[in-house]
Amino acid sequence: MSESDRDTNFFESVYEVAALIPAGRVTSYGAIARYLGSARSSRMVGWAMNNSFSSDRNIPAHRVVNRNGSLTGKHHFPNEHEMQRRLEAEGIKIMDDQVVNFSDVFWDPNLELKVL
DNA sequence: AATGTGACATACC
DNA sequence: TGGTATGCCACAT
């Protein structure tokens, strides 16, 4: 392909993974970053999510939380409660802006998508 | 080219 | 227990 691959490859990869997150599950930025091969690029994942609002595809950014299961990114949603509301709509319980049973609903792409 | 930034993660005080 | 500091990497200006 073109050399401009890396231009959107990283972001697009994030979108891919995020789009693969099953409803009712959540994952962490670090998990996605690690799946992409850049375990330390966890921040870029969040950044990609930020761009996801401008992305053509609907990215379930609400299913992406930090390592602590905290809805750190809710502030970036059109409505802060939108994120929590969507998660609850998928069966995820939110308490104090944190995902209840986080380990139970945690979806690790490295485990589920370790198809490489 | 250099500097700044950011929805994280980890370590240290 | 919580704030501060640093690392880390890719994007924006």
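Protein chains get the first letters and strands the later ones, always in sequence-line order, with residue 1 at the start of each.
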J.: When rounded to the nearest 0.5 angstrom, what is the spacing between CE in A:Met49 and NE2 in A:His62?
T.: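 One finds 11.0 Å between CE of A:Met49 and NE2 of A:His62.
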J.: Can we say A:Arg57 and A:Glu12 salt-bridge, meaning some charged N sits less than 4.0 Å from an Asp/Glu carboxylate O?
T.: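 Judged by the 4.0 Å cut-off on N to carboxylate O distance, A:Arg57 and A:Glu12 do not form a salt bridge.
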J.: Flag the pair A:Arg63 and A:Glu90 as a salt bridge only when some basic side-chain nitrogen lies within less than 4.0 angstrom of an acidic carboxylate oxygen.
T.: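 Salt bridge between A:Arg63 and A:Glu90, a charged N being under 4.0 Å from a carboxylate O: yes.
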J.: Can you measure A:Glu12 atom CD to C:dA10 atom P for me and round it to whole angstrom units?
T.: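 It works out to 16 Å between those atoms.
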J.: What is the distance, to the nearest angstrom, from the CG atom on A:Asn50 to the C1' atom on B:dC8?
T.: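 Rounded to whole Å, this separation is 14 Å.
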J.: Supply the atom-to-atom distance A:Met83 CE to A:His76 NE2, rounded to the nearest 0.5 angstrom.
T.: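 Atom-to-atom, A:Met83:CE and A:His76:NE2 are 10.0 Å apart.
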J.: In whole angstrom, what separates A:His76's NE2 from B:dC8's C1'?
T.: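 It is 12 Å, rounded to the nearest whole Å.
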J.: Give me the atom names and distance for the closest heavy-atom approach of A:Val100 to A:Val105.
T.: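 So the minimum-distance heavy-atom pair works out to O-CG2, 4.5 Å.
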J.: CZ of A:Phe102 versus P of B:dC8: gap in Å, rounded?
T.: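 The distance from CZ of A:Phe102 to P of B:dC8 comes to 13 Å, rounded to the nearest Å.
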J.: Provide, to the nearest angstrom, the distance between the CZ atom belonging to A:Arg34 and the C1' atom belonging to C:dA10.
T.: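 After rounding, the reported distance stands at 20 Å.
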J.: Between A:Ser41 and B:dC8, is there a side-chain N or O to OP1/OP2 distance below 4.0 Å?
T.: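 No, because none of the side-chain N or O atoms of A:Ser41 sits under 4.0 Å from OP1 or OP2 of B:dC8.
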J.: What's the CH2-C1' distance between A:Trp47 and C:dT13, to the nearest Å?
T.: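 Roughly 11 Å, once rounded to whole Å.
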J.: Check nucleotides 9-13 of chain B against the protein and report each pair of N or O atoms closer than 3.5 Å, with its distance, or say if there are none.
T.:
residue : atom : partner : partner atom : Å
B:dA9   : OP1  : A:Arg67 : N            : 3.1
B:dA9   : OP2  : A:Arg67 : N            : 2.7

J.: In whole Å, I'd like the distance from the CD1 atom of A:Ile32 to the P atom of B:dA7.
T.: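 Roughly 16 Å, once rounded to whole Å.
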J.: Using 4.0 Å as the upper bound for N to carboxylate O, is an ion pair formed by A:Glu82 and A:Arg85?
T.: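 The answer is yes: the pair qualifies as a salt bridge.
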J.: Could you state the atom-to-atom distance from CZ of A:Phe10 to C1' of C:dC9 in whole Å?
T.: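 Interatomic distance, CZ of A:Phe10 to C1' of C:dC9: 7 Å.
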J.: Using a cut-off of 4.0 Å on non-hydrogen atoms, how would the nucleic acid contact of A:Ala61 be classed: base, sugar-phosphate, or nothing?
T.: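 Touches a base.
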